[in-house]
J.: 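Following this message is one structure expressed as C-alpha cells.
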Amino acid sequence: MIIATAGHVDHGKTALLHALTGTDADRLPEEKKRGMTIDLGYAYLPTPEGGAIGFIDVPGHERFLSNMLAGVGGVRHALLVIAADDGVMPQTREHLAILQLLQLDSLTVAISKSDLAGPEALEGVMDEARRALAEHGLRAAALLPVSARSGAGVDVLRRHLLQLRDQAAGTERRFRLAIDRAFTIGGAGLVVTGTAWGGRVNVGDALWLSGKDVAVRVRGLHVQNQPARQGQAGQRIALNLVGDIDKRQIQRGDWLLEQAAPAPAVRVSVRLRLAPAAHATLRHWQAVHLHHAASHCTGRVALLERPQLHPGDEGLAELSLDRPLHLADGDKLILRDAGAQHTLACATVLERQPPTRGKRQDERLAHLRALAAAGSDNVQNLRLRLSRQALSLPDLAWDRQLSEAGLAELLRAAPLLTAGQHAYAPEHWAELQGQLLERLAALHLQQPDQLGASRGRARRLALPQESEAAVNLMIDQLLAEGRLANTRGWLHLPGHVLAFDAEETALWRRLEPAFTDQGQPHWVRDLAAAAGVEEDTARAVLRKAARQGHVHAVVRDRYFSSAAIRGMAAIVHSLNQDAGYADAANFRDQLGCGRKLAIQILEYFDRCGFTRRLGDRHLLREARLFD
C-alpha cells in the first residue's frame with residue numbers, strides 16, 4: 001500500500017514521516033539547504049506481516065504543485081498534514097481539492113506541531129480542518145493531533161495507518177507502472193522507480209518502455225524498499241532493467257508496460273467533475289494544464305453539452321492534448337488553469353478514440369453518458385462499444401487494461417462474433433452481411449455480363465473499412481447458408497447464374513465454336529451475323545454464358561473465352577514476377593496484339609480485381625483469381 005502526503009509548505013510533512021518511519025524523505029542537497037521539500041521523496045514503514053507501507057512525500061509549495069500531482073497519481077490513500085500553529089492555508093485547500101477530485105479510498109488528517117498550540121487553539125484548528133473537509137465533500141478516516149518533535153500522537157497515527165487496507169488493488173489487470181525516477185547504481189546498472197497502477201511483475205519479465213519504445217528485461221526488484229521476486233499494483237517498485245537504454249533516455253512520465261501500447265492519444269472523450277472552489281469555472285476551448293500519473297502537458301477542453309461549467313458541475317468534454325499521452329479507460333487527469341494557479345477539475349477517460357464528427361449529437365452524448373454510468377463494468381462497456389462499430393480486440397484489451405485471460409473471460413460473457421482481431425455485435429454483423437449482398441446485387445445490374453466479383457473486390461466494393469479476416473468469414477457464412485454462390489472463384493447472388501433454356505442452348509452451341517480460337521476476341525455483332533440471329537438475341541445468350549463462366553467481356557459486347565482469359569492472366573502473372581509489373585507495352589509484346597486491345601484487357605483485369613493500377617503499371621492484387 002502507498003500513502004501520499006499532502007498539505008501546505010512548512011507544515012511538517014517530512015518531519016512527521018521521519019518520526020513515523022525513521023527515514024528523512026528529503027534527498028536533494030537543495031532540499032537540505034532550504035529546509036523545504038522540492039521533489040518527491042520516499043519513506044517506508046514495516047508492517048507486522050513482513051511487508052511495508054510506502055509513503056510519498058510531496059512538495060507543499062505552490063511552485064512545485066506539478067511534482068505533488070506526479071506523486072499522488074495512482075495512489076489510493078492520503079495523509080493530509082495541517083500545522084496547529086498555522087491552520088488551514090491556501091495550499092491545504094488546493095491539495096484538498098485535488099484529493100476530492102481523485103476520490104481516494106481513505107484520507108487521514110494529522111494536526112502537526114500540536115505541542116506549539118494550547119488545548120483551545122488545537123481544538124480550533126481541528127474544527128477548522130473539519131469545516132474545510134466538509135466544504136470539499138470529504139470525510140477523514142481519522143483526525144489526529146501529533147508532534148514530530150515530542151513524539152506525541154505519533155504511535156497512535158502509526159497504528160491507524162497500519163490498519164488501513166487497499167480497497168481495489170487491480171492485480172488482475174495488465175502490468176503498468178508510471179516512472180517517476182531513473183538512476184544508475186554501480187554494479188547493477190539502470191534502475192527506475194514508480195507506482196504500479198495494475199498487474200504483477202516478476203524478476204525475468206520482459207516489459208515495454210514507452211518513452212523510447214523498446215523492450216527491456218527485469219533483472220531485479222525492490223518492492224516497498226525491500227528485495228523481492230514479484231511486485232504488484234498499489235506498490236512502490238524499483239526495477240533494475242537490462243536493455244538497449246540508458247538513464248538519459250528515460251523521463252518522468254514514461255511507462256513500463258506488460259505489452260507494447262497502441263499509439264498514445266491526442267484526443268480523448270472524458271467526464272468532467274469540477275472542483276467546488278469559486279475559481280473552478282471552465283469555458284469551451286479553454287487552455288489548461290493536464291496532469292496524468294507522472295506526466296504533465298498542456299491542452300484544451302472542448303465542452304460537449306454547454307459553453308461553460310461552474311464549480312461543482314459535471315459534464316462531458318473532449319480533451320485535445322498538445323502532447324500525446326498513454327491513457328486508458330477510467331484514468332483520471334487533473335486540470336489546472338493556463339496560469340497553473342488553480343485546480344479546476346478532474347477528467348475521467350471514457351473513450352480513447354473519439355469520432356471526428358457528430359460529437360454533440362444527442363445519440364452520441366447519450367452513448368458517452370452510458371459509458372460513464374458503466375464505469376468499471378467491463379461487460380456493459382463492451383456491449384455499449386459493440387453497438388456502434390466493430391471493435392479492435394487489442395484496443396479493447398488496452399483500454400480496459402485486460403490481461404489475455406481477462407480478455408478471454410470478457411469475450412465469453414457477451415454475445416458477439418470474432419473475426420481475426422475484431423469483435424462484432426450479432427446485429428451489426430448481420431447488417432454488414434446485408435450490405436455485402438446489396439452491393440453484389442448492384443454490381444450485377446451494372447455488369448450483367450460478368451459472373452460476379454472476387455473476394456477482394458467484393459470487400460473493396462462493399463466493406464472497405466472491415467478487415468480481410470472479417471469479410472472472409474462473412475462470405476463463408478453466406479455461402480454455407482446459400483445466400484451467396486461461388487462459381488470458379490467468382491462470388492455472386494444465387495439467382496445471377498441463369499441456365500440456358502432449350503432455345504438458348506441451341507444458339508450457344510452455334511456460337512461456342514467461335515471461341516475455340518482461344519486468343520481472339522469476338523464482337524457480339526460479328527457472332528450474331530455469323531449465326532444469322534439478331535444482335536439482341538446473341539447478346540442475351542452471351543451474357544448468360546458469361547454468368548456461367550464460359551466467356552468474359554473485356555469491354556461491352558467484346559468477349560474472350562475463359563481459357564483465353566486464363567492464358568492472358570498467366571502472362572500478367574509472369575510479367576509481374578519478372579519485371580515487377582505489367583503495362584500496355586510488355587503485355588502487348590507477349591500477347592502479340594494491338595495496343596488498344598492490350599489496354600482493354602489490362603483494364604478488365606483491374607476491374608475484376610486481378611490487378612490494381614498504379615500509373616501506367618498493373619500490379620497483381622489477387623494472384624490466384626484465374627488459377
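By convention here, the first residue in the shown sequence is residue 1.
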J.: Charged N to carboxylate O under 4.0 angstrom, Arg267 versus Glu351?
T.: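 A salt bridge is absent here (no side-chain N lies under 4.0 Å from a carboxylate O).
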J.: Check whether any side-chain heavy atom of Val201 sits under 4.5 Å from a side-chain heavy atom of Leu177, and report yes or no.
T.: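 Counting from C-beta outward, Val201 and Leu177 never come under 4.5 Å.
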J.: Does the side chain of Leu402 reach to within under 4.5 Å of the side chain of Leu410, using non-hydrogen atoms?
T.: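 Answer yes - side chains close enough.
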J.: What residues form a side chain to side chain donor-acceptor pair (under 3.5 Å) with Arg174, not counting sequence neighbours?
T.: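 So Arg174 forms no side chain to side chain donor-acceptor pair (under 3.5 Å) with any residue.
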J.: Among Phe175, Trp197, Trp208, find the residue that satisfies the ring-ring contact (aromatic ring centres under 6.0 Å, His included) test when tested with Trp255.
T.: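 Looking at Phe175, Trp197, Trp208, the match for Trp255 under the ring-ring contact (aromatic ring centres under 6.0 Å, His included) is Trp197.
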J.: CD of Glu318 to OG of Ser269: how many Å apart, nearest 0.5 Å?
T.: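 Those atoms lie 5.0 Å apart.
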J.: Distance check, rounded to the nearest 0.5 Å: Ile3 atom CD1 versus Thr108 atom OG1?
T.: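 OG1 of Thr108 is found 6.5 Å from CD1 of Ile3.
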J.: How long is the gap from CG on Leu79 to CG on Leu107, to the nearest 0.5 Å?
T.: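 Rounded to the nearest 0.5 Å, the CG-CG separation comes out at 8.0 Å.
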J.: Once you round to the nearest 0.5 Å, how far does OG1 of Thr21 lie from CZ of Phe55?
T.: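 Rounded to the nearest 0.5 Å, the OG1-CZ separation comes to 7.0 Å.
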J.: Looking at every heavy atom in both Leu99 and Ala78, which two are closest together, and how far apart are they?
T.: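 That closest heavy-atom pairing would be CD2-CB, 3.8 Å.
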J.: Do the non-hydrogen side-chain atoms of Leu45 and Leu17 ever get within less than 4.5 Å of each other?
T.: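 Of all side-chain heavy-atom pairs linking Leu17 with Leu45, none is under 4.5 Å.
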J.: Can you label the angle between the His296 ring and the His291 ring as parallel, tilted or perpendicular, going by 30° and 60°?
T.: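 Parallel, since the angle between the ring planes stays under 30°.
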J.: Where is the tightest heavy-atom contact between Ile2 and Gly234, given as atom of each residue plus distance?
T.: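 Minimum heavy-atom separation between Ile2 and Gly234: CG1-O, 3.3 Å.
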J.: Taking everything shown except Arg323 itself, do over 12 heavy atoms lie less than 6.0 Å from its CZ?
T.: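 Yes, enclosed.
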J.: Do Asp329 and Arg385 sit within salt-bridge range, that is, some charged N less than 4.0 Å from a carboxylate O?
T.: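 Salt bridge: yes.
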J.: Could you check whether any side-chain heavy atom of Ser295 comes within less than 4.5 Å of a side-chain heavy atom of Arg252, counting everything from C-beta outward?
T.: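 Heavy-atom side-chain distance check fails, nothing below 4.5 Å.
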J.: Report yes if the side chains of Lys13 and Leu16 come closer than 4.5 Å at any heavy-atom pair, otherwise no.
T.: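 The answer is no, as the side chains (C-beta and beyond) never meet within the 4.5 Å cut-off.
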J.: Above 12 or not: heavy atoms from other molecules or residues under 6.0 Å from CD of Gln249?
T.: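 Yes, enclosed.
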J.: Distance-only, no hydrogens or angles: does the Gln100 side chain make a donor-acceptor pair with backbone N or O of Ile98 under 3.5 Å?
T.: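 No, because the side chain of Gln100 does not come within donor-acceptor range (under 3.5 Å) of the backbone of Ile98.
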J.: Once you round to the nearest 0.5 Å, how far does CG of Asn381 lie from CG of Leu396?
T.: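 That separation rounds to 7.5 Å.
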J.: Could you pull out all residues at least two apart from His136 that satisfy ring pair (Phe, Tyr, Trp, His ring centres under 6.0 Å)?
T.: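 For His136 there are no ring pair (Phe, Tyr, Trp, His ring centres under 6.0 Å) partners, ignoring immediate neighbours.
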J.: Distance-only check: which donor-acceptor pairs under 3.5 Å involve side-chain atoms of residues 216-225, not counting sequence neighbours?
T.:
| unit_1 | atom_1 | unit_2 | atom_2 | d |
| --- | --- | --- | --- | --- |
| Arg219 | NE | Asn240 | OD1 | 3.3 |
| Arg219 | NH2 | Ala188 | O | 2.2 |
| Gln224 | OE1 | Arg236 | N | 2.7 |
| Gln224 | NE2 | Met1 | O | 2.7 |
| Gln224 | NE2 | Ala52 | O | 2.9 |

J.: Could you pull out all residues at least two apart from Asp246 that satisfy salt bridge (Lys or Arg N to Asp or Glu O under 4.0 Å)?
T.: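 Arg248.
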J.: Applying side chain to side chain donor-acceptor pair (under 3.5 Å), name anything that partners Asn472, two or more places apart in sequence or on another chain.
T.: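 Residues passing side chain to side chain donor-acceptor pair (under 3.5 Å) with Asn472: Arg455.
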J.: My understanding is that only residues two or more places apart in sequence, or in another chain, count here; which of them pass salt bridge (Lys or Arg N to Asp or Glu O under 4.0 Å) with Glu135?
T.: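 For Glu135 the salt bridge (Lys or Arg N to Asp or Glu O under 4.0 Å) partners, ignoring immediate neighbours, are Arg93.
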J.: Mark yes when over 12 heavy atoms from residues, nucleotides or ligands other than Glu404 sit less than 6.0 Å from its CD; otherwise mark no.
T.: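 No, CD of Glu404 has 12 or fewer neighbouring heavy atoms, counting only those of other groups under 6.0 Å.
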J.: Identify the two heavy atoms, one from Gly54 and one from Tyr44, that lie closest to each other, and give their separation to 0.1 Å.
T.: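 Where Gly54 meets Tyr44 most closely, the heavy atoms are CA-CD2, 3.5 Å.
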J.: Can you see which heavy atom on Asp331 is nearest to which on His326, and at what distance?
T.: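 The answer is OD2-O, 4.3 Å.
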J.: Would you name the heavy atoms of Ala317 and Val301 that are closest together and state the gap between them?
T.: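 Ala317 and Val301 have their closest heavy atoms at CB-CG1, 3.9 Å.
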J.: Looking at Ala372 and Leu350, what are the two nearest heavy atoms and their distance?
T.: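 Heavy atoms of Ala372 and Leu350 come nearest at CA-CD2, 3.7 Å.
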